[in-house]
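Please read the structure below before turning to the comments.
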Amino acid sequence: MNEQKKLYRMIQHYSFVITEAVLYLDTHPYCRQALRYYEKYRQLRAEAVKAYEEKFGPLTMYGNRCTDSWKWATEPWPWEV
Amino acid sequence: MDNRKNYNTPRDRVDDEFLTRLLAEQEPYSPASRRPMTQQTRGNGNGNNRSDCCRAGQPVGSVRQEETDRDDLSCGCAKQLYGIPANLPLAMVYVPDQEWEDLYGDCEALGHGTLFKKLDLPFYPGCSYTPCCGS
């Protein structure tokens with residue numbers, strides 16, 4: 001697995017556990033353990049997204065970090081890598 | 001039934017025999033794979049099908065006396081619709097409050113389809129998952 005795929009996979013894993021924590025928090029809004037878990041993975045995901053987009057281009061239309069070209073249109077989409 | 005059994009998880013409350021039968025089904029459920037009803041769908045002589053009881057708006061008076069006298073009044077519609085055995089008892093439905101515990105690791109959760117080990121129930125036989133981390 002190349003670095004780009006690894007990083008993308010990691011973001012998928014982080015996104016999934018965040019989604020799970022969010023569903024739990026919807027019914028347990030004061031659970032500190034779940035809140036800590038959410039915060040930990042929110043940060044990890046944000047770091048991973050930043051690292052990915054700086055190296056490999058935008059993950060979403062909000063992630064274009066290049067001022068020379070619109071990478072979202074000119075490079076493969078994340079799921080095509 | 002074994003009284004020592006732990007009933008903390010939904011899986012614990014599923015009857016083993018039922019689950020075995022369910023998992024043994026060869027074909028995935030689809031409307032086309034419904035097994036034909038034999039007794040239940042046989043015509044009652046006046047052209048009406050017994051499964052007509054599930055149609056909305058049928059007047060009560062249209063149920064013939066000879067049918068109501070019979071022991072088996074089940075129309076079989078539940079079985080026909082959901083493909084589950086008709087002789088299961090009706091149940092009270094409830095959802096126990098979930099605890100934040102027994103989590104999968106962040107790289108395992110996605111493959112299991114849940115972060116919570118207690119929600120990882122064997123609904124899909126034959127599936128295996130190899131964690132991606134470390135590979």
Side-chain angles (χ1 to χ4, degrees), chain A residues 1-63 75-81, chain B residues 5-16 18-19 22-23 28-29 81-84 88-135:
Chain A
M1 203 185 293
N2 63 32
E3 191 192 352
Q4 184 173 4
K5 272 191 177 173
K6 265 187 189 169
L7 205 47
Y8 186 59
R9 182 66 62 87
M10 198 183 289
I11 292 167
Q12 286 182 313
H13 285 296
Y14 291 158
S15 301
F16 181 74
V17 297
I18 289 170
T19 304
E20 288 285 272
V22 164
L23 292 173
Y24 182 89
L25 282 163
D26 282 344
T27 53
H28 304 68
Y30 303 104
C31 177
R32 290 190 179 187
Q33 278 178 299
L35 284 166
R36 273 200 301 273
Y37 186 94
Y38 169 85
E39 184 53 26
K40 174 185 168 185
Y41 281 98
R42 191 192 62 75
Q43 285 179 22
L44 283 172
R45 184 185 179 280
E47 286 164 16
V49 166
K50 186 167 179 285
Y52 183 99
E53 291 184 333
E54 282 174 353
K55 271 193 170 176
F56 306 113
L59 279 168
T60 69
M61 62 179 176
Y62 305 108
E75 302 219 332
W77 280 308
W79 55 90
E80 291 176 325
V81 171
Chain B
K5 209 170 170 185
N6 183 355
Y7 287 92
N8 281 337
T9 71
R11 170 63 187 90
D12 293 330
R13 290 183 286 273
V14 175
D15 179 66
D16 284 344
F18 170 63
L19 196 66
L22 195 69
L23 300 184
Y29 173 78
L81 283 173
Y82 306 115
I84 61 173
L88 294 178
L90 297 176
M92 300 281 283
V93 177
Y94 62 91
V95 180
D97 201 17
Q98 190 186 0
E99 302 276 347
W100 185 265
E101 59 185 8
D102 294 340
L103 307 182
Y104 280 120
D106 52 35
C107 71
E108 295 172 301
L110 182 58
H112 286 280
T114 178
L115 176 59
F116 305 95
K117 289 181 183 175
K118 287 184 174 176
L119 288 178
D120 190 10
L121 304 173
F123 290 142
Y124 302 99
C127 287
S128 63
Y129 172 71
T130 309
C132 71
C133 293
S135 62

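Each chain gets a letter, A, B and so on, in the order the sequences are listed, and its residues count up from 1.
The distance from atom OG1 of A/Thr19 to atom CG of B/Leu115, rounded to the nearest 0.5 Å, is 10.0 Å. Considering OH of A/Tyr24 and CD of B/Glu99, their distance stands at 6.0 Å, rounded to 0.5 Å.
Among all heavy-atom pairs drawn from A/His28 and B/Gln98, the shortest one is NE2-O, 2.8 Å. In this structure, B/Leu110 and A/His13 approach most closely via the heavy-atom pair CB-ND1, 3.6 Å. Taking both residues in full, the closest heavy atoms of A/Tyr14 and B/Asp106 are given as CE2-OD2, 3.9 Å, listed atom of the first, atom of the second, then distance. Heavy-atom minimum distance, A/Glu20 versus B/Phe116: OE1-CD1, 3.9 Å. The nearest pair of heavy atoms linking A/Ala21 to B/Trp100 is CB-CH2, 3.9 Å.
In A/Tyr38, the OH atom is not crowded: 12 or fewer heavy atoms of neighbouring residues, nucleotides or ligands sit closer than 6.0 Å.
Side-chain atoms of B/Leu103 and A/Tyr37, non-hydrogen and from C-beta on, do get closer than 4.5 Å to each other.
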